[in-house]
Amino acid sequence: MESAPSRPAVARPRTEMELTDPRPVLAPSAFWRHVAHLAIVGIFLIMFGAVLDLARNILLPIVSAAVIGMMFDPLARVAARWRIPGWLFAGVVVGVLLAILQVVTIMVAVPIIDWIGRAPELAESLRTKLQPFGRGFAAFQQLQAALSKGGKDPGVTIDVAALAQPLLGFLTPAIGELLIFFATLFFFLLDRSGLRKNIILVFNRPDDRLRAIRIINDIEQNLTLYIGTVTVINLGIGVITAGGAWLVGLGNPVLLGAIAFLCNFIPYIGPAFVVLILFAVGFVSFPSIAHAAVAPLLFVGLTTIEGHFVTPNIVGRRLTLSPLAVFLSLAFWTWLWGPVGAFLSVPFLIFGLVIVNHLIIEDETEIPG
């Protein structure tokens, strides 16, 4: 007897959820395993941030020296082509930076010493200008009383150095951190080729080594491009500030331009500090508050144009940086490492974007030069 032909299997009709959701629902075990992986990554990020915060005194100068050293990589290559010894190039770079630091310190210290010597005269001028505000604000009344004592008695002086000590302590790094920075920078420039080779040889596969070479090359190129572009923009800000200070009538316009040039490397915090300096100098130099506010208002307008139109268009287009990513990186690193972190925020963002692009996007086939 012949067996009856088997019937074709009838497919189970799909439910509405399966038709609308192309991705199946994870099993409970797979779901919790996925949650555990995310938790491990989150714990690692929290611990890494804690280490960056606790070890900032040692990590900050080392990381800063590495970033500055990568900026000088094109010059180091040119020096190597001209057969200039590595120790000589590293020593020249460190010496130039030390000379710039000394010049800036002298430029800042000379006006401060002059103001300390003129403390009684400045106190009397400030007492006269703050007198209209004495009735409305108790703080101005106390300041007016202190200044009036310094103005009536020439023998009593205001300890300006003590008042400026917290600000100077915030803006200037410790001597130990400076030594770590310059020593790290010297050895980084001295053995940059060896460090580059060791980073590449960490990977065993040829494809991974090529990827590491591309990442290092792109980081150095983009970092040099960013620092060079921002330096040119800040130089223009410094020149315009010095010219505006001279036209308005402020003393030491070159010093004010140099301060604007240096502080503008730190977004938001640096320009705000320059505004305070311009207002303080104008408040002491000019007879009225309205006259003293001219230079700060002009600088605010200048930095507003630069921050909203010039720098985002130039840097953003050439480096394809998202304004939101730049702002978030600035906020995080400023919160973690202060003004120096604000300066390093965009270089860190460049590092991350280059690494992510090379790890996610398919690599090119040709060998990088």
Side-chain angles (χ1 to χ4, degrees), residues 52 55-108 171-203 209 212-232 234-235 238 258 261-262 265-266 319 333 337-352 354-355 368-369:
L52 292 178
R56 60 181 299 175
N57 292 334
I58 186 67
L59 290 178
L60 192 57
I62 293 176
V63 174
S64 302
V67 173
I68 299 298
M70 295 183 70
M71 289 169 43
F72 287 98
D73 187 74
L75 293 179
R77 294 181 180 180
V78 174
R81 293 174 185 173
W82 287 88
R83 297 183 179 180
I84 298 177
W87 61 268
L88 179 59
F89 175 77
V92 170
V93 171
V94 172
V96 170
L97 292 180
L98 283 173
I100 294 175
L101 178 63
Q102 185 176 4
V103 170
V104 172
T105 303
I106 294 175
M107 292 178 63
V108 174
L171 295 177
T172 56
I175 301 299
E177 294 181 10
L178 280 176
L179 293 177
I180 295 174
F181 170 78
F182 285 110
T184 305
L185 179 61
F186 177 81
F187 290 111
F188 183 89
L189 294 175
L190 180 64
D191 194 28
R192 65 175 189 84
S193 59
L195 293 174
R196 182 188 179 97
K197 183 184 299 183
N198 292 332
I199 293 175
I200 297 173
L201 292 179
V202 168
F203 305 95
R209 292 183 177 179
I213 294 175
R214 293 190 184 99
I215 290 175
I216 295 175
N217 289 341
D218 285 353
I219 287 177
E220 292 177 350
Q221 180 181 0
N222 291 331
L223 182 62
T224 304
L225 177 63
Y226 166 76
I227 296 296
T229 303
V230 173
T231 300
V232 173
N234 292 345
L235 182 61
F261 166 73
L262 295 175
F265 280 99
I266 304 176
L319 298 180
W333 290 107
W337 280 355
V340 180
F343 171 77
L344 297 175
S345 61
V346 176
F348 286 159
L349 181 61
I350 293 174
F351 295 166
V354 170
I355 293 174

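Using a cutoff of 4.0 Å between basic side-chain nitrogens and carboxylate oxygens, Glu220 and Arg196 are scored as salt-bridged. Look at Arg214 and Asp218 and you find no salt bridge, because none of the NZ, NE, NH1 or NH2 atoms lies under 4.0 Å from a carboxylate O.
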**OP:** Please report the C-alpha distance between Leu201 and Lys197 in whole Å, then the side-chain angles of each, then the deciding distance to 0.1 Å, and finally whether the side chain to side chain contact (heavy atoms under 4.5 Å, CB included) criterion is met.
**Re:** CA-CA 6 Å; Leu201 292 179; Lys197 183 184 299 183; 3.8 Å; yes
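In this structure, CD in Glu177 is found 6.5 Å from CG in Leu60, a value given to the nearest 0.5 Å. Atom CG of Leu262 and atom CZ of Phe343 lie 10.5 Å apart (nearest 0.5 Å). Rounding to the nearest 0.5 angstrom, the gap separating the CG atom in Leu349 from the CG atom in Leu344 is 12.5 Å. Rounded to the nearest 0.5 Å, atoms CG (Asn57) and CD1 (Ile180) are 8.5 Å apart. With rounding to the nearest 0.5 angstrom, the CG atom of Asn234 is 10.5 Å from the OG1 atom of Thr229.
In terms of heavy atoms, Ile219 sits closest to Ile355 at CD1-CG1, 4.5 Å. The shortest non-hydrogen separation linking Val354 to Ile215 is CG1-O, 3.8 Å. Across all their heavy atoms, Thr224 and Met70 have their closest contact at OG1-O, 4.0 Å. Scanning all heavy atoms of the two residues, the minimum distance from Leu190 to Ala90 falls at N-CB, 4.1 Å. Contact between Pro347 and Leu223 at its shortest, heavy atoms only, is CB-CD1, 3.6 Å.
Two residues are said to be in side-chain contact when any heavy atoms from C-beta on lie closer than 4.5 Å; Ile200 and Ile216 meet this criterion. Contact check for Phe181 versus Ile62: no side-chain heavy atoms found under the 4.5 Å cut-off. A heavy-atom distance below 4.5 Å is found between the side chains of Leu97 and Leu185. With contacts defined as side-chain heavy-atom distances shorter than 4.5 Å, the pair Val63/Phe348 qualifies. A heavy-atom distance below 4.5 Å is not found between the side chains of Arg192 and Phe187. By the 4.5 Å heavy-atom criterion applied to side chains, Arg77 and Asp73 are counted as neighbours. Residues Val340 and Ser64 form a side-chain contact, since some pair of their non-hydrogen atoms from C-beta on lies under 4.5 Å apart.
Remark: Trp337 pairs with Trp333 by the ring-ring contact (aromatic ring centres under 6.0 Å, His included) rule, at least two apart or across chains. Annotation: salt bridge (charged side-chain N to carboxylate O under 4.0 Å, His left out) contacts of Arg209 (sequence neighbours excluded): none. For Phe186, the ring-ring contact (aromatic ring centres under 6.0 Å, His included) test picks out no residue, with sequence neighbours left out.
In terms of modelled atom types and a separation under 3.5 Å, the side chain of Ser345 and the main chain of Ala342 share a donor-acceptor contact.
The aromatic rings of Phe261 and Phe265 lie perpendicular to each other, with more than 60° between the two planes, well past the 30° mark.
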